[in-house]
Amino acid sequence: MHEDIEKVLIAEEVIEKRLDLIAEKIRIDFANQESLQVVAILKGALVFMADLLRRVPLKLEIECLNVASYHGGTESSGVVDFLDAKLPDVKGRSILLLDDILDTGRTLEAVSKKLIDLGAADVKTCVLLTKDKERPVAVEADYSAFEIGDEFVVGYGLDYDGKYRNLPYVGVLKPSEINL
Ligand code: 5GP
Ligand code: MG
């Protein structure tokens, strides 16, 4: 797996240090919640969620949403499908929504809107990565660990064709590994 990576963009130790800071911010900002409702977007947010939430010493509950917004390639399709038969009960809750990356912003926008439609009182968003680019929708994450350039990355939850999610760092694939 590691041999397919052209460069490491964000090393594991760098991610860990940054998660300590983000977790501390979340602890302070949500300290008044009796129980924080986290909603994570599968599968990309899995690794980020596990590492981040173990650093947050608050009572919290986790729900996951299965959303498809990428369809195999390296370009965002812009279409967001909700794949779960049953969506979580979030009525009246303040939500911390987690995703791996803010790219076009369509996923965070669509999921935030869905959570509000489902009765959530408030939605705050938290991503590992924000791509520095012009977005078709005006969304910004409330918490973002790193800003990266507009390139396709894998690792730390992010996949290419279903693989590389278990890389412990964020990296860029060798062009020879991408089938266009
Ligand atoms: P959006 O374009 O809606 O902001 O991002 C949608 C989804 O596209 C993200 O949750 C993520 O799963 C995927 N995505 C966006 N940029 C990248 C990238 O550079 N690498 C990978 N592996 N997935 C990405
Ligand atoms: Mg995703």
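Here the structure is a predicted model, which is why all the values come from computation and not from measurement. Both ligands and their constituent atoms are indexed starting at 1 by order of listing.
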S.K.: Run down the list Leu129, Thr104, Ile148 and name the one with the heavy atom closest to atom 1 (P) of ligand 1.
M.R.: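 Closest candidate by heavy-atom distance is Thr104.
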
S.K.: Give me the ring orientation class for Phe152 and Tyr160: parallel if the planes are under 30° apart, tilted from 30 to 60°, perpendicular past 60°.
M.R.: perpendicular

S.K.: Determine, using the 4.5 Å side-chain heavy-atom cutoff (strictly less than), whether Ile116 and Ile41 are members of one ILVMFWY cluster.
M.R.: yes

S.K.: Please tell me whether Leu21 and Ile26 are part of a single hydrophobic cluster in this structure, the criterion being side-chain heavy atoms less than 4.5 Å apart.
M.R.: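 Looking at the clustering, Ile26 is in a separate group from Leu21.
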
S.K.: Do any nitrogen or oxygen atoms of Gly105 come within less than 3.5 Å of a nitrogen or oxygen of ligand 1?
M.R.: yes

S.K.: Out of Lys131, Lys163, Arg165, whose heavy atom sits nearest atom 17 (C) of ligand 1?
M.R.: Lys131

S.K.: According to a hydrophobic-cluster definition based on side-chain heavy atoms being under 4.5 Å apart (Ile, Leu, Val, Met, Phe, Trp, Tyr only), do Leu96 and Ile28 belong together?
M.R.: no

S.K.: For the pair Arg27 (side chain) and Leu58 (backbone), establish whether a donor and an acceptor sit closer than 3.5 Å, ignoring hydrogens and angles.
M.R.: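 No; zero donor-acceptor contacts below 3.5 Å.
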
S.K.: Using distance alone, determine whether Tyr160 and ligand 1 share an N or O pair under 3.5 Å.
M.R.: no

S.K.: Can you figure out which of Thr107, Leu128, Val154, Asp100 has its heavy atom closest to atom 9 (C) of ligand 1?
M.R.: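 It is Asp100 that holds the nearest heavy atom.
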
S.K.: Output yes when the distance from some N or O of ligand 1 to some N or O of Val153 is under 3.5 Å, and no in every other case.
M.R.: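 Checking ligand 1 against Val153, an N or O pair does fall under 3.5 Å apart.
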
S.K.: For Asp159, counting its heavy atoms only, list the atoms of ligand 1 lying under 4.0 Å from any of them.
M.R.: 21 (C), 22 (N)

S.K.: Testing the basics here: between Gln33 and Leu36, what is the closest heavy-atom pair and its distance to 0.1 Å?
M.R.: CB-N, 4.3 Å

S.K.: I'd like to check which ligand 1 atoms, numbered from 1 as shown, lie under 4.0 Å from a non-hydrogen atom of Arg106.
M.R.: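 The atoms of ligand 1 under 4.0 Å from a heavy atom of Arg106 are 3 (O), 4 (O).
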
S.K.: With a heavy-atom distance limit of 4.0 Å, tell me whether Val80 approaches ligand 1 through its side chain, its backbone, both, or neither.
M.R.: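 Neither part.
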
S.K.: Against ligand 1, does Glu151 come closer than 4.0 Å with any heavy atom?
M.R.: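 Heavy atoms of Glu151 do come under 4.0 Å of ligand 1.
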
S.K.: Between Gly92 and Ala121, which heavy-atom pair has the shortest distance, and what is it?
M.R.: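 Looking at all heavy atoms of both residues, the shortest contact is O-CB, 3.6 Å.
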
S.K.: Should the pair Asp122-Lys124 be classified as a salt bridge under the 4.0 Å nitrogen-to-oxygen rule?
M.R.: yes

S.K.: Just which atoms of ligand 1 are under 4.0 Å from any heavy atom in Asp99?
M.R.: 10 (O)

